*Asks:* 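If you scroll down you'll find the structure; I have some questions about it.
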Amino acid sequence: QVHLVERGGGLVQAGGSLRLSCEASGRAFSWNPMGWFRQAPGKEREFVAAVRRFGDSTDYADSVKGRFTISRDNGKNTVYLQMNSLKREDTAVYYCAAAAKPDNLYYSRFEYDYWGQGTQVTVSS
């Protein structure tokens, strides 16, 4: 299977930026479409961003469009989430996920097969 580890979470002021990373084990990562999700207390895990196998196509939740950027470096087995103009509403645990499926953009958490443990992002005002 694919083992994922998120890094880069922390405390940031509203309007600030953070860059999350997700490192995957093994070269199998290169065959996996990837996504970022987040989960705030009392809420379901929600889609944030998705990227295809080679990073040639991406998509985002409406709530983060124009502020977040997903990218990947398959040579480093790593996917990134650059988060700019952060808002208090962005506070959540952020998870990366890998889909053991044909190359595509996947938006549902139920379409992903492997998950990291998450990294906490807290935005203060």
Side-chain angles (χ1 to χ4, degrees):
Q1 63 168 267
V2 177
H3 182 66
L4 307 172
V5 178
E6 301 97 336
R7 294 182 175 89
L11 176 65
V12 64
Q13 292 283 324
S17 299
L18 282 175
R19 189 193 194 202
L20 307 183
S21 64
C22 173
E23 186 174 359
S25 64
R27 76 178 198 128
F29 170 82
S30 297
W31 282 262
N32 292 121
M34 300 289 293
W36 284 98
F37 289 75
R38 66 187 183 186
Q39 187 165 20
K43 296 186 176 181
E44 294 185 353
R45 193 168 300 189
E46 67 175 358
F47 170 78
V48 174
V51 60
R52 298 214 309 174
R53 175 182 171 186
F54 296 112
D56 58 305
S57 185
T58 61
D59 204 2
Y60 304 88
D62 288 342
S63 59
V64 307
K65 282 182 178 177
R67 300 188 298 120
F68 290 12
T69 303
I70 186 172
S71 61
R72 66 191 297 166
D73 185 339
N74 289 342
K76 293 184 170 64
N77 287 348
T78 302
V79 62
Y80 304 93
L81 185 69
Q82 178 67 47
M83 306 185 295
N84 299 325
S85 301
L86 283 161
K87 307 173 181 178
R88 288 190 65 185
E89 304 89 84
D90 297 316
T91 295
V93 177
Y94 283 71
Y95 300 88
C96 63
K101 292 178 171 64
D103 197 23
N104 210 335
L105 294 172
Y106 295 100
Y107 302 93
S108 171
R109 68 183 189 271
F110 301 109
E111 297 178 297
Y112 289 84
D113 302 281
Y114 305 105
W115 294 86
Q117 293 300 305
T119 185
Q120 176 71 49
V121 172
T122 302
V123 183
S124 63
S125 61

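As the structure is a prediction and not an experimental result, all values here were calculated from the model.
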*Asks:* Can you measure from CZ (R19) to OG1 (T69) and round to the nearest 0.5 angstrom?
*Replies:* 10.5 Å

*Asks:* So, E23 side chain and T78 main chain: donor-acceptor pair closer than 3.5 Å or not?
*Replies:* no

*Asks:* Do you know which two heavy atoms are closest between Y60 and A49, and how far apart they sit?
*Replies:* CD2-CB, 3.6 Å

*Asks:* What is the minimum heavy-atom distance between V64 and V48, and which atoms define it?
*Replies:* CG2-O, 3.6 Å

*Asks:* What heavy-atom pair brings F47 and D59 nearest, and what distance separates the two atoms?
*Replies:* CZ-O, 3.8 Å

*Asks:* A quick test of your reading: do over 12 heavy atoms of other residues, nucleotides or ligands sit less than 6.0 Å from NZ of K43?
*Replies:* no

*Asks:* Measure across L4 and A97 and return the closest heavy-atom pair with its distance rounded to 0.1 Å.
*Replies:* CD1-CA, 3.7 Å

*Asks:* Could you go through M83 and V123, starting from their C-alpha distance and side-chain angles, then the distance that decides it, and tell me whether this counts as side chain to side chain contact (heavy atoms under 4.5 Å, CB included)?
*Replies:* CA-CA 11 Å; M83 306 185 295; V123 183; over 6 Å; no

*Asks:* If I take atom CD1 from residue I70 and atom OG from residue S57, how far apart are they, to the nearest 0.5 angstrom?
*Replies:* 10.5 Å

*Asks:* Locate the shortest heavy-atom distance separating R72 from N32; write the atom from each residue and the value.
*Replies:* NH1-O, 2.8 Å

*Asks:* Rounded at 0.5 Å granularity, tell me how far CG in L81 sits from OH in Y94.
*Replies:* 7.5 Å

*Asks:* Do NZ/NE/NH1/NH2 and the carboxylate oxygens of K65 and D62 come within less than 4.0 Å?
*Replies:* yes

*Asks:* Would you name the heavy atoms of V121 and L18 that are closest together and state the gap between them?
*Replies:* CG1-CD1, 3.8 Å

*Asks:* Mind checking the CE-SG spacing from M34 to C22? Nearest 0.5 Å is all I need.
*Replies:* 4.5 Å

*Asks:* I'd like to check the ring pair (Phe, Tyr, Trp, His ring centres under 6.0 Å) partners of Y106; sequence neighbours left out, ordered by chain and number.
*Replies:* none

*Asks:* Are V2 and Y95 in one and the same hydrophobic cluster, where Ile, Leu, Val, Met, Phe, Trp and Tyr link if side-chain heavy atoms are under 4.5 Å apart?
*Replies:* no

*Asks:* Could you go through the side chain to side chain contact (heavy atoms under 4.5 Å, CB included) check for V93 and F37 one step at a time?
*Replies:* CA-CA 8 Å; V93 177; F37 289 75; over 6 Å; no

*Asks:* Once rounded to the nearest 0.5 Å, what's the spacing between atom OG1 of T58 and atom CZ of R52?
*Replies:* 10.5 Å

*Asks:* Nearest 0.5 Å, please: how far is CZ in F110 from CZ in R45?
*Replies:* 10.0 Å

*Asks:* Just by distance, do the side chain of R67 and the backbone of S85 share a donor-acceptor pair under 3.5 Å?
*Replies:* yes

*Asks:* Taking side-chain hydrogen bond (donor to acceptor under 3.5 Å, both in side chains) as the cut-off, I'd like each qualifying pair that reaches into residues 111-125, sequence neighbours left out, listed once.
*Replies:* Q13-S124, K101-D113, Q120-T122

